[in-house]
Amino acid sequence: MLFARISAVAALVLGTVIVSLAPASAAGVTATLTKQSWDTGYTATVTIKNETSAPISSWKVEFDYPASTSVGAYWDSLLTKSGNHYAFVNREYNGSVAPGASVTFGYNATGTADPANCKINGGACTGGGTSPTTTTTTTTTTTTGSPPTGSLPRKVLVGYLHASFANGSGYIRMKDVPDEWDVINLSFAEPTSATSGELRFSQCPVAECPNVESEAEFIAGIRAQQQKGKKVLISIGGQNGQVRLETAAARDAFVRSVGAIIDKYGLNGLDVDFEGHSLSLNAGDVDFRNPTTPVVVNLISALRSLKSRYGANFVLTMAPETFFVQVGYQFYGGAGGGDARTGAYLPVIEAMRNDLTLLHVQDYNSGPVMGLDNQYHNMGGADFHVAMTDMLLAGFPVRGDTSKVFAPLRQEQVAIGLPAAMYAGNGFTSVADVHTALDCLTKGSNCGSYRPKGVYPNLRGLMTWSINWDKYNNYEFSKSQRAYLPR
């Protein structure tokens, strides 16, 4: 395989330095180094793309750093080191890279030095083997509330995008997602098996989504959304994606595979949408502050690892059902012969509360739930959203035990989860009723039979399933709610 001599160009886009190592010819193999700044250095990803008309069976990217810089790969078996010389090789990928396809790997580097003497299969990455030229621009982002906010606007709309499947609502190309949305959750990454911990994400097949874009266009669409200030996350699980991290091996596979997806597409973070039987509590696990059930403990460990890897700007969101959160006020786990899944998200939320960007509980597909007034509330009306949100912002004793109180979350950490249309899920709430709920929660006015324990002007916003169903419903949700919740 012949590799052309390549030069480097760097640009800073919204805090991310992208160094493109492009070949002189129109066709060949390209390597792109993307750097995301953090406090004491940066994280970086290397993407190798085959732009030839034939598969490539091997590649090697290597570079040098000064002794003051420490480099660590996300997967140490991928990175080899000899003194200050580092090399990435393709040994974790069996087979060849097809024409037009790409592979991506990541690493951390301390300090501010760029790689020098970069080579691809022996060909110089930069003329003369010097470091890439870096242009630096200072940007300032204003947010409200305590970190981590993930640099989100004061009021947000979060939407799920059907990126891997079609269900009758129509496919939306990434570049065409309307500007009303602030957080775009790619739905879904799913496990290879319920207990493997290994996650996979692929775009919707052409047979299901005839207008699906190419992978390169999809990634370009993500970059375009990010340049507009949007956050694009990978959402894990969903209705069909059961994920049970029963072992340390499954936990490690989860961290590795989720990191690979984030790195490949250059995403801003992770949304945990565990439903069904992904989380449950073992007998005797009765304190949400000190969980002992492996699937819960391993998930917490995995989320902490990912947060540590990507740093303060990593956006972490969760979308549990009411059954896994608010029902914990009345029942917790299998105590008293109840369902072992009740309240099972509470220990995860509790453990990650200082790193959690947004919690948007699904206030839909729910049975009646007891609120802090000890009355049952039914989905579909303003009172249900007020009661469910009040529990998160006022706190509540778990299973009625005043010695085990789930403390209030910060207002800017909480959004309300809603269906975008009648067809999207049970519990659709009219625009007028959503505004009534928001008035009651954020202003203390227009309340119905349920009176919240406080007034929460910094409630962060709304989440919906989904962007696709919103389009199908002529954008009623996004247009009306964006007008009510200006950024």
Q.
Looking at Met388, is its backbone amide N or carbonyl O close enough to the side chain of Gln326 to form a donor-acceptor pair, meaning the two atoms are under 3.5 Å apart?
A.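 It does hold such a pair.
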Q. Sub-3.5 Å donor-acceptor pair from the side chain of Asp470 to the main-chain atoms of Ala420, do we have one?
A.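 Checking the backbone N and O of Ala420 against the side chain of Asp470, no donor-acceptor pair under 3.5 Å is found.
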Q.
Before you tell me yes or no, could you show the steps for Gln226 and Asn268 under side-chain hydrogen bond (donor to acceptor under 3.5 Å, both in side chains), namely the whole-Å CA-CA distance, both residues' side-chain angles and the distance that decides it to 0.1 Å?
A. CA-CA 9 Å; Gln226 291 169 328; Asn268 299 103; 3.0 Å; yes
Do you see a donor-acceptor pair shorter than 3.5 Å between the side chains of [X] and [Y]?
X: Ser235; Y: Asp271; result: yes
X: Glu275; Y: Gln362; result: yes
X: Asp383; Y: His377; result: no
X: Asp176; Y: Tyr171; result: no
X: Tyr450; Y: Asp390; result: yes
X: Tyr376; Y: Gln330; result: yes
X: Glu321; Y: Asn365; result: no

Could you list the residues that satisfy salt bridge (charged side-chain N to carboxylate O under 4.0 Å, His left out) with [X], not counting sequence neighbours?
X: Lys453; result: none
X: Arg289; result: Asp287
X: Asp439; result: Lys443
X: Lys155; result: none

Set of residues satisfying side chain to side chain contact (heavy atoms under 4.5 Å, CB included) with respect to [X], sequence neighbours excluded:
X: Asn378; result: Pro368
X: Pro457; result: Gln411, Val455
X: Asp285; result: Leu281, Pro291, Thr292, Thr293
X: Ser280; result: Arg244, Ala340, Arg341

(Q) Does Arg353 qualify as a cation-pi partner of Phe406, given the criterion of NZ or CZ under 6.0 Å from the six-membered ring centre and within 45 degrees of its axis? (A)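 Judged by the rule, Arg353 and Phe406 form a cation-pi pair.
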Contacts of [X] that satisfy ring pair (Phe, Tyr, Trp, His ring centres under 6.0 Å) - sequence neighbours left out:
X: Phe165; result: His162
X: Tyr160; result: Trp465
X: Phe274; result: none
X: Phe218; result: Tyr265

**Q.** Heavy-atom pair with the smallest gap, counting every atom of Gly381 and Thr429
**A.**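 Heavy atoms only, the tightest pair is N-OG1, 4.3 Å.
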Q | Criterion salt bridge (charged side-chain N to carboxylate O under 4.0 Å, His left out) on Asp179 and Lys228, from CA distance to verdict | A | CA-CA 8 Å; Asp179 285 342; Lys228 292 188 290 185; 2.8 Å; yes
